[in-house]
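Input: a single structure, listed below in structure tokens.
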Amino acid sequence: MKKELAKAYDPKGLEDRIYKNWEEKKYFHAEVDETKKPFTVVIPPPNVTGILHMGHAFDETVQDILVRWKRMQGYNTLWQPGTDHASISTEVRITNELKEEGIDKQALGREKFLERAWAWKEKYGGTIVSQLKKLGSSCDWERERFTMDEGCNRAVTEVFVRLHEKGYIYKGSRIINWCPVCNTSLSDAEVEYEEQQGHLWHIKYPLIEEDGSVSTTRFVEFATTRPETMLGDTAVAVHPEDDRYRDIIGREVLLPIVNRRIPVVADTYVDREFGTGVVKITPAHDPNDFEVGKRHHLPEINIMNDDATINENGGKYAGMERYACRKAIVEELDAMGLLVKIEDYSHNVGTHDRCHTTVEPLIKKQWFVKMDELIKPAIRAVKEGEIRLVPKSAEKRYFNWTDNIRDWCISRQLWWGHRIPAWTCADCGEITVARTAPAVCPKCGGKQLAQDEDVLDTWFSSALWPFETLGWPDDTPDLKYFFPTDVLVTGWDIIFFWVIRMIFSSYEQMGTYPFHTVIFHGLVRDAQGRKMSKSLGNGIDPLEIIGQYGADALRLTLVTGNDMGSDMRFYKERVENSRNFANKIWNASRFIMMNLHEDEDYYNTAMPEGLEPADKWILSRFNSTVREVTENMERYELGIAVQKVYDFIWDEFCDWYIEMVKPRLYGENMETSRRAAMWCLTTVLAGSMKLLHPYMPFITEEIFCTMQSAEESIMISSWPVYRTEWDFAAEERQIEAIKEAVRGIRGIRTNMNVAPSKKVPIVIVSEDKETLDIFTTGRLFFESLAGASSSRCQSDLSGVDENAVSVPLAGATLYIPLAELVDTAAETERLTKELKRLDGELARSEKMLTNEKFLAGAKPEKVEEEREKKKKYEQMHAQVEEQLRRLSGMKQ
RNA sequence: GGGAGCAUAGCUCAGCUGGGAGAGCGUCCGCCUCACACGCGGGAGGUCACGGGUUCGAGCCCCGUUGCGCCCACCA
């Protein structure tokens, strides 16, 4: 039965059909199998309510490439999928949805809210998963997990309790970042600094005289960007060695409006150079001031409610919104004559990375994870190379963070998430941390126990992802076999949120690191290099691209033309090129299959007799490609690897080999030759499809399965390996020489404006027997590829038209009798230019070869190579000179 | 303020350990050559940011300058 591909490449339908088949055949599913080595990757779980964006598409593509490649290499691969509950962002979206319905979250209550959230998760949670499938992701969907499912819940509780037992988790009062809109605390990593235009208000407080009266003449002046916080001032500070203020240290100033007397303290935190060298100290509303306050035992006066309105400590400003209060206070100070001036000032303001609300530093009781001990193994892992970061430059960022680690604030004042397993006794106030709700207070026996209202930071559960998804805290066979995982692929943006936390969590709980390699990739940007964002509306929907060009084209685009570590610009023209490539291989395959006779199937058959030089050349080139692609993939240089396949298929296989072989497919009485060519065509095509499969899984599957019947899927076929018996160096040189001659003839034809349909006779002259032999074997190619009507190879100029145009080749000269068409002046110019180029090359070669240091220092093969080059240049130089002589002869 | 990085063809970018400057897109010329016009063939276009240095030899190594974004910290 003759096999055929559809007439035109159309990814629509084809991709869905193939994916469905893969799923049905359970190729993605992995089971423990002690006879095979595992290769495990865990997906960075996308937000459960998210929709697929280019960042995901890139991330998943890279993972899928690695997983598919390893699977073909014979590993028992598991790509563990799942989604993240994404505490804050999910809660914000549900709250907004409620708001639109006129429902207040607080009025609804926790229980109803969570019901709603779960319903939401059920409704939208599948979207991202189905979108990942469109990309071709070979995840083991049977193992899909969710960071808030029952197993993850147990894991989270277990880890919390264990860390608490070891004293790593504590509840403490600290200045934390507070989002007044989301109404929750934030970790440092969730705060994003934005440059904002603001003002610097210069204010003065009157000094208290020795006799206790308020001075009307002496003031301390300072500047602030947040005047409203003065309500909570409990000191002003100066530098201890600042001569300007030495005399007032220890005295008091009057805090206006509030009329509180507050001390002048000396602290080295103050920068003498900045402003007046005086700082107001508000311990409850600034992290630095908090530290100063601790050192000087200053009271901490909290003046703000959780929604950033002023509380009762603000006196008459109580109830006012923070910015309204700022305005009012400035006006009042101005009226009192205490406002010195207002300057424009641009400074960085901390904002919540989810909602971009300006965060308010507040003192709060929160749960923290003590980091100083936990982080040590995470530092060691990278330092000692047990975990390799790709690219290596990621290490700097990594250590920058680990070296300046601060305790991790893990409590969030939200409802959607893992509730903190801590209970407070209503009678004695004792806090009990336990795996299950205690019946009575272990301290006083009280029966009134209330669970902590807060939930944990989303990243607390994702930090356990590599082992909780494999069954931990149970000691499952999966965990034993698939853990530790191998490679983690993720963007730069979550190196601190997630990667480091997985590393120390895994080491602490499992005693081993969660993976041996982390691959960081850049951001996908728009054509102008801007971040894709909803507000700019410049995002490109991967699904739209898939619909238009196919997932294969999208995947190829994402990994080509950029190294992975850096950001990339994404635009449709690049996808079009990928689609064109898909179309190219589709048509090349179609051509090959068209030429297969009934029941002909060369797949995995022994090399037949009668391979010609071109056949050996393409096999040899394919062989090199296999080696180069594999080497680059081992280095995770996916872009370089696939570029090699691309170049090989398009340039060498399609544009040269297929064209070279065509006459042998149609010719009479050359069955042996035809079969040899067909064997090479199918062998190289099948091999190339394998090399390409991790990158373009769908089209390669379709071609592979249509062409041969021995194997049911390319997914589970074996990765090509380099074979020494396919290494044909001599044939490679031979075909390269012929290609050069073909290009030479074509060039002359174009230059001379010879009609493409016009055939011309050619003669190749060389005194070297070996060279002549090479070109003799190329005679047919000159006819089929360069429009030669006939070709002769000979050792002298006998019978060569005096006025023929000539082309210099390596060790030979090619003559075309086109004298009547020659534009002598133009040809002279061309040859003179060529002569000049050769002069330059010769000079360089000469210089190197007479250089003793080069001869002594360089590798022997380099020197030999240079000698060969010089020889070639000398020959060509002589030929061009000869041509010029002939040309000048023609003129006369 | 600290750190790491980037500056290569009109545009977007490759170029691994130093030894003849590349791709895609665009552009120009010629082709509907029986797999493919989503194609084929042939061109044009670069003092590899600037200035020094090391080297027989530097886009690649070292120092400095300029320009551009990034990460971290954050000064009231």
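Each chain gets a letter, A, B and so on, in the order its sequence line appears, and its residues count up from 1. As the structure is a computational prediction, the values presented were derived from the model and not from experiment.
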Seminar exercise, completed: Pairing partner of B:rG41, by Watson-Crick or G-U wobble and under 3.5 Å for both distances, is B:rC29
For this session: Return yes if the base of B:rC36 and the side-chain atoms of A:N583 contain a donor-acceptor N/O pair under 3.5 Å, otherwise no.
Result: no
Exercise. Contact class for A:W650 vs. all strands (heavy atom < 4.0 Å): base, sugar-phosphate, or nothing?
Worked result: sugar-phosphate
Problem set entry | Nucleotide paired to B:rA23 in any strand shown, Watson-Crick or G-U, under 3.5 Å | B:rU12
Problem set entry | Nearest-nucleotide 5' precedence on RNA chain B, A:N404 against A:I640 | A:I640
Exercise. Is the distance from OP1 or OP2 of B:rC25 to the nearest side-chain N or O of A:K572 less than 4.0 Å?
Worked result: no
Exercise. Are the charged groups of A:E659 and A:K662 less than 4.0 angstrom apart, N to O?
Worked result: yes
Problem set entry | Base paired to B:rU65 (Watson-Crick or G-U; both N/O distances under 3.5 angstrom) | B:rA49
For this session: Could you check whether A:K662 gets within reach of a base, just the sugar-phosphate, or nothing at all, counting any heavy atom under 4.0 Å?
Result: base
For this session: Verify the neighbour count for atom NZ of A:K644: are there more than 12 heavy atoms of other residues, nucleotides or ligands below 6.0 Å?
Result: no
Exercise. Between A:N400 and B:rG3, does any side-chain N or O lie under 4.0 Å from OP1 or OP2?
Worked result: no
Problem set entry | Test salt bridge (Lys or Arg N to Asp or Glu O under 4.0 Å) applied to A:E874 and A:K871, step by step | CA-CA 5 Å; A:E874 279 170 347; A:K871 223 164 87 188; over 6 Å; no
Problem set entry | Pair A:E221 + A:K204, salt bridge at N-O below 4.0 Å | no
